[in-house]
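A quick write-up on the structure given underneath.
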Amino acid sequence: MDRFVFLTLDGLSRGAVYAAFALALVLIWRAARVVNFAQGAMAVAAAYVAYSVASATGSYWLGFVVALVAGLALGALVDRAVMRYVDHASPLNPVIVALGLVLLIQAVLGMVYGSEFRPAEVPFSRGAFTVGGFAVLSPYDLFVFGAVAVVVCALAWIFARTAIGLRMRAAAFAPEVSRLLGVNVGGMLTLGWALASGVGALAAMLVIPTELGLHPHAMDLVFVSSFTAAVVGGLDSPPGALVGGLVVGLVLSYVSGYAGSDLTPLAVLVLLLAVLLVRPGGLFAPVAARRV
Amino acid sequence: MSERGDLLMVRDVVAGYGAAPVLHAIDLTVPAGTIAAVVGANGAGKTTLLRTISGVLRPQAGRIQLAGEDLRGVPVERLVQRGMAHVPEGRGVIGELTVDENLRLGGLWRRDRADAARALEEVYQLFEPLARRRRHLGHQLSGGERQMLALGRALVGRPRLLLLDEPSLGLAPRVVARIMALLRQLRDDTGLTVLLVEQNVRSALSVADQGVVMSLGRVVTTAPAADLRDDVDLRHAYLGF
């Protein structure tokens with residue numbers, strides 16, 4: 001029982017990170033109809049910037065803030081300098097370009113920082129509290145939950161309540177009509193990329209210290225898990241990404257806890273395959289009633 | 001600009017998709033505070049004309065002026081600020097957004113937030129069915145309600161010139177009559193200028209001041225709408241009734 005509780009809480013904590021990262025994928029998918037395979041590499045790049053700043057200044061929090069800003073800027077840059085020029089007629093084109101970006105970013109990071117693992121700091125202890133003999137969450141886990149919750153609420157507020165969120169949604173659903181109504185569609189697209197990349201950077205900052213450390217490939221497996229999470233929830237659904245993230249986190253935690261950690265990459269793929277076979281639109285697929 | 005001057009002026013405009021132009025040297029003038037109806041058969045270039053005026057399609061040659069200002073090089077998303085609203089064919093209601101969100105979108109560009117809110121309320125008073133369905137999604141509306149929504153959304157921006165593409169498409173005659181009457185009322189009350197593209201020649205000419213007959217990408221005739229209604233030869237030749 002106490003093992004089950006521990007695995008559940010650990011799974012939820014990891015799942016929160018997957019959820020945030022999946023949410024970033026969904027944001028770009030909704031805005032630009034691109035699955036951003038470069039998101040892991042972009043997030044690692046932001047984390048390296050944070051590492052540089054933190055080791056130069058000695059302040060984790062300064063590095064943390066810089067990572068978010070670097071994430072936002074990198075997202076805008078990728079849209080303005082690369083994706084804007086990709087022909088979106090075939091959905092494969094942006095995917096190939098994104099994969100090319102992965103190679104480029106990882107190679108540049110390898111050249112600048114070297115490809116050894118670098119220890120990543122944590123701002124709070126990762127030692128778990130014990131309640132009545134059970135090992136439960138650590139302060140760092142609570143920080144992860146809090147950070148993800150804040151970002152999710154902030155995004156929900158921006159999209160549902162603000163004028164800029166309304167513009168972003170309109171630009172994504174009906175670009176031409178939105179332009180006729182005075183919406184700067186290109187600007188909204190760039191903003192969407194920036195926000196998504198910022199969320200991705202946050203997820204990287206949260207998850208990297210819990211793994212082996214900072215490395216150009218540090219987010220590769222996280223990307224696979226989060227992509228699965230996004231597909232489980234349905235690529236179009238932000239709430240789906242959140243639920244998908246938590247589900248994937250729990251599944252991976254149980255598999256590694258009860259069956260062995262070697263099996264976790266396999267478990268992700270089995271889950272991905274199962275969802276695509278049984279419910280290809282994802283658990284939160286909207287009813288396809290539209291289409292005039 | 002004097003109140004009675006020409007609001008829209010189109011001179012020698014050539015435009016199209018790819019090499020062969022759809023529009024050949026179009027000339028068109030719409031005086032402020034009037035309704036002009038562009039009529040003609042399928043493929044005459046009516047929709048292309050509206051898309052060229054609103055800048056979605058760039059003209060290959062010619063000039064387009066709104067209130068004396070050249071519109072060349074003005075991005076589409078800036079035209080609302082100059083007072084032009086384009087309601088596209090098929091109405092362009094965003095089905096994933098609610099009625100209220102669609103309408104607010106029409107006024108988001110305005111700096112005068114208080115007046116944008118007033119304009120929104122006026123549209124709700126003008127179209128009562130919309131006020132009852134504020135929270136409904138665009139794709140849940142009936143055809144007539146969607147047309148009201150698209151029209152209302154354009155009006156929230158308080159345009160000087162309204163470009164309307166086939167407002168009667170797929171609507172019951174009574175709904176069409178109401179919309180046409182509304183256009184006339186807006187012209188009389190607020191001095192709105194309308195450029196209307198229609199297949200439904202009879203109702204378009206009944207409301208318009210000026211009729212413009214297009215055929216195969218050219219303007220064949222421009223005349224007062226009442227004269228066009230009575231010109232049997234022209235009707236037979238180009239309008240099919």
Side-chain angles (χ1 to χ4, degrees), chain A residues 26-33 79-80 84 87 89 155-192 234-241 281-282 284-292, chain B residues 50-51 53-57 74-98 100-111 113 116-117 137-141 143 146 149-150 152-159 162-165 169-170:
Chain A
V26 168
L27 284 180
I28 292 186
W29 172 255
R30 280 169 59 108
R33 296 281 136 185
D79 177 47
R80 280 289 155 131
R84 193 58 59 95
D87 180 10
L155 286 175
W157 179 75
I158 287 175
F159 278 97
R161 300 259 168 238
T162 67
I164 204 89
L166 178 54
R167 284 196 191 93
M168 290 177 73
R169 281 184 294 151
F173 290 132
E176 191 174 298
V177 170
S178 301
R179 289 190 76 196
L180 290 173
L181 293 170
V183 175
N184 177 354
V185 171
M188 292 304 119
L189 196 55
T190 304
L191 191 58
L235 265 177
D236 252 324
S237 163
F284 285 69
V287 185
R290 217 173 69 91
R291 260 328 89 184
V292 184
Chain B
L50 285 199
R51 287 168 61 86
I53 293 173
S54 70
V56 179
L57 196 64
V74 179
V76 178
E77 56 263 33
R78 295 268 167 178
L79 282 172
V80 279
Q81 297 173 15
R82 300 194 174 214
M84 188 192 284
H86 180 177
V87 180
E89 195 177 10
R91 310 190 184 103
V93 165
I94 302 179
E96 293 88 343
L97 301 183
T98 64
D100 200 52
E101 286 170 337
N102 266 290
L103 282 179
R104 276 196 292 140
L105 200 56
L108 277 188
W109 58 274
R110 302 190 61 194
R111 299 231 180 279
R113 301 310 311 158
L137 292 177
H139 68 78
Q140 296 171 320
L141 301 183
R146 281 186 208 206
L149 180 52
R153 192 177 58 185
L155 294 178
V156 170
R158 293 206 195 281
L162 183 63
L163 307 178
L164 268 182
D165 200 345
L169 193 73

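Letters go in sequence order (proteins before strands), and every chain restarts at 1.
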- Item | Smallest separation among heavy atoms of B:I94 and A:F173, with atom names |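 B:I94 and A:F173 have their closest heavy atoms at CG2-CB, 3.7 Å.
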
- Nearest heavy-atom pair of A:V177 and B:P88: which atoms, and what distance?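 Scanning both residues, the minimum pair turns out to be CG2-CG, 4.3 Å.
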
- Item | 4.5 Å side-chain heavy-atom contact, A:L180 and B:V80 |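 No. Closest side-chain heavy atoms not under 4.5 Å.
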
- Query: Which one, B:R104, B:M84, B:E77, leads in non-hydrogen pairs under 4.5 Å with chain A?
  - Reply: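 Top count of heavy-atom pairs under 4.5 Å with chain A: B:E77.
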
- Task: Report the C-alpha separation of B:R153 and A:L181 in whole Å, then their side-chain angles, then the decisive distance to 0.1 Å, and conclude whether the side-chain contact (heavy atoms from CB on, under 4.5 Å) test is met.
- Result: CA-CA 9 Å; B:R153 192 177 58 185; A:L181 293 170; 3.4 Å; yes

- Item | CZ (B:R78) with more than 12 external heavy atoms under 6.0 Å |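 For B:R78, atom CZ is not crowded (no more than 12 foreign heavy atoms under 6.0 Å).
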
- Among A:A174, A:S178, A:A170, which has the most heavy-atom pairs under 4.5 Å with chain B?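 So the answer, after comparing A:A174, A:S178, A:A170, is A:A170.
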
- Less than 4.0 Å between a side-chain N and a carboxylate O, is that true for B:R51 and A:E176?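 A salt bridge is present here (some side-chain N lies under 4.0 Å from a carboxylate O).
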
- Region of B:E101 in contact with chain A, defined by heavy-atom distances below 4.5 Å: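 Answer is both: backbone and side chain atoms of B:E101 are under 4.5 Å from chain A.
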
- Query: By a 4.5 Å heavy-atom criterion (distance strictly below it), what part of B:V76 contacts chain A: side chain, backbone, both, or neither?
  - Reply: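 Contact with chain A: backbone and side chain both.
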
- Task: Answer yes or no: is there a donor N or O on one side and an acceptor on the other, between the side chain of A:R167 and the main chain of B:L108, under 3.5 Å?
- Result: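 Yes: the side chain of A:R167 pairs with the backbone of B:L108.
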
